[in-house]
Participant: 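Let me begin by handing over the structure; questions about it come next.
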Amino acid sequence: MKLSSYLQWQNLQHPVLTDNQTELWLRYAPSNNPDISGNKLLKLKYQLKQALQQKYPGLLTFGGAFSNHLVATAAAASENNLKSVGIVRGEDADLNNPTLALCQSYGMQLLRVSRSYYQGRHLPQVLQQLSTEFPGYLHIPEGGTCEAAVRGVSELDMRNTPNGPASLLICAVGSGGTIAGLIRGSEATAVLGIAVVKDQSLPDKIKQFLPADRNWPQWQLRQALHQPRYGRFDQQLWQFCQSFAEQGVQLEPVYTGKALYSVFELIKAGEIPKGSRLSFFHTGGLQGLKGLAYRGLIQTADLK
Ligand SMILES: Cc1ncc(COP(=O)(O)O)c(C=O)c1O
């Protein structure tokens, strides 16, 4: 994979940061394609490597109708001349929505399944059925999270900002693979995850990637403080995301914007101490904005 030159770090400006003598560095991950940006390429890196080395015909993965992961998998497969199949949650998923249309433009074959079938995607009989239908395809879990993904994310240096070592590494948390990678790669720096889904089992999902025989840095998971339910946001949160546009920073309100909003709340509440140097992983997901506009949840005019 060829990586073009890209912005790695950006020092975010905001009065809340100035007032609290806090530095916040956005960390961008390398990508030559905006559809595989943020945590996506890192999560897919070793899975792609395996598929290519072992000459798998394609990748098969799972996601919702607006999934960033489905798009990234479709794009990565296409770039590497692999076929791809996306198992989409909901028989009624709209194949013309911007996310699924983009997947198909990358050549991904989409299979819409009922929610109950989707829930059983881990069951041996379901996996067997999919293997029969798509023989030899590499199965990638929903969200891409697995040991190989955690390893890929752990290789991103989140600690050494251009201004010196960060005191806290931060990311949005969905399926838990990204934060597990941050913890694995962090050595001693503390890690904070902002959960944008309500999932009681998240701590256990993260711990399964952190073998108990090693000392891991201190890490903490906090539920998003504002609009904690997955996918929910209000005008205040969306305006917060847009307020960074003049600095050239694009955020979406489902993952990065929601997590950053909570970080600002924690700074204001003094829960993140003054004088901190924060390293916040911009995990991408910007393709999702078009889906929000498609559903009328934001204005198309806002998508500049
Ligand atoms: C844009 C974005 N940020 C953060 C995450 C959360 O990552 P993880 O599922 O590894 O916790 C996701 C989900 O993959 C995502 O699409």
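Every heavy atom of this structure was used, including side-chain atoms; hydrogens, water molecules and symmetry mates were not. Order of listing sets the numbers, starting from 1, for every ligand and every atom in it.
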Participant: Do the charged groups of E91 and R115 touch, with an N to O distance under 4.0 Å?
Facilitator: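 Judged by the 4.0 Å cut-off on N to carboxylate O distance, E91 and R115 do not form a salt bridge.
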Participant: In this structure, which one of L12, L260, L169, L192 forms a side-chain contact (heavy atoms from CB on, under 4.5 Å) with F280?
Facilitator: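 For F280, the side-chain contact (heavy atoms from CB on, under 4.5 Å) test succeeds with only one of L12, L260, L169, L192, which is L260.
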Participant: Pick whichever of K258, H69, K40, Q287 has a heavy atom sitting closest to atom 14 (O) of ligand 1.
Facilitator: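 Looking at heavy atoms only, the winner is K40.
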Participant: For ligand 1, is G284 a contact, meaning one of its heavy atoms is under 4.0 Å away?
Facilitator: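 Within the 4.0 Å threshold, so yes.
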Participant: Suppose we measure from atom 9 (O) of ligand 1 to each protein heavy atom; which comes out shortest, and what is that distance?
Facilitator: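 Going by distance alone, atom 9 (O) of ligand 1 is nearest to S175 OG, 2.5 Å.
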Participant: What distance separates I36 CD1 from T73 OG1, expressed to the nearest 0.5 Å?
Facilitator: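 Rounded to the nearest 0.5 Å, the CD1-OG1 separation comes to 9.0 Å.
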Participant: Within 45° of the axis and under 6.0 Å from the centre of the six-membered ring of Y46, does NZ or CZ of R151 qualify?
Facilitator: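 Yes, R151 lies over the aromatic ring of Y46.
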Participant: Under 6.0 Å between ring centres: does that hold for F240 and F264?
Facilitator: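 Between F240 and F264, the centre distance is under 6.0 Å.
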Participant: Do me a favour and list the nearest non-hydrogen protein atom to atom 4 (C) of ligand 1 with residue, atom name and distance?
Facilitator: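 Looking only at protein heavy atoms, the one closest to atom 4 (C) of ligand 1 is T283 OG1, 3.3 Å.
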Participant: For K43, take its heavy atoms, then give the atoms of ligand 1 lying under 4.0 Å from any of them.
Facilitator: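 Atoms satisfying the 4.0 Å criterion: 7 (O), 8 (P), 9 (O), 10 (O), 14 (O).
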Participant: Could you tell me, atom by atom, which parts of ligand 1 come under 4.0 Å of a heavy atom of V173?
Facilitator: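 Answer, ordered by atom number: 11 (O).
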Participant: Below 4.0 angstrom, N of the basic side chain to O of the carboxylate: do E147 and R184 qualify?
Facilitator: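 Salt bridge: yes.
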Participant: Would you say T256 has any N or O atom under 3.5 Å from an N or O of ligand 1, going by distance alone?
Facilitator: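 For ligand 1, there is no N or O atom that lies under 3.5 Å from one belonging to T256.
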Participant: Taking NZ, NE, NH1 and NH2 as the nitrogens, is one of them in K205 or D199 under 4.0 Å from a carboxylate oxygen of the other?
Facilitator: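 Counted as a salt bridge, because a side-chain N and a carboxylate O are separated by less than 4.0 Å.
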Participant: Answer yes or no: is there an ion pair linking E252 with K258, defined by an N-O contact shorter than 4.0 Å?
Facilitator: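 No, E252 and K258 are not salt-bridged.
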Participant: I need the contact type for I179 against ligand 1. Using non-hydrogen atoms and a strict under-4.0 Å cut-off, is it side chain, backbone, both or neither?
Facilitator: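 Neither; nothing of I179 gets under 4.0 Å from ligand 1.
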Participant: Going by the atom numbers of ligand 1, which of them fall below 4.0 Å from some non-hydrogen atom of G285?
Facilitator: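 In order of number, 1 (C).
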Participant: Is it the side chain, the backbone, both or neither of T145 that has a heavy atom closer than 4.0 Å to ligand 1?
Facilitator: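 Contact part for T145 vs ligand 1: side chain (C-beta onward).
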Participant: How many angstroms lie between CG in L26 and OG in S279, if you round to the nearest 0.5 Å?
Facilitator: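 That separation rounds to 9.0 Å.
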Participant: For ligand 1 and G176, I'd like to know whether there is a polar contact (N/O to N/O, distance under 3.5 Å).
Facilitator: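 Yes, since at least one N or O of G176 sits under 3.5 Å from an N or O of ligand 1.
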Participant: For ligand 1, which atoms have a heavy atom of N68 less than 4.0 angstrom away?
Facilitator: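 Contacts of ligand 1 toward N68, numbered from 1: 1 (C), 15 (C), 16 (O).
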Participant: Regarding atom 5 (C) of ligand 1: of the candidates F281, F66, Y255, which has the closest heavy atom?
Facilitator: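 Going through F281, F66, Y255 one by one, Y255 has the nearest heavy atom to atom 5 (C) of ligand 1.
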Participant: Short N/O distance, under 3.5 Å, between E252 and ligand 1?
Facilitator: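 No.
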Participant: Can the ring centroids of F233 and H226 be said to lie less than 6.0 angstrom from one another?
Facilitator: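 They do not qualify: ring centres at least 6.0 Å apart.
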Participant: On a heavy-atom basis, I'd like to know which of G174, S67, A180 is closest to atom 6 (C) of ligand 1.
Facilitator: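 Of the listed residues, G174 has the closest heavy atom.
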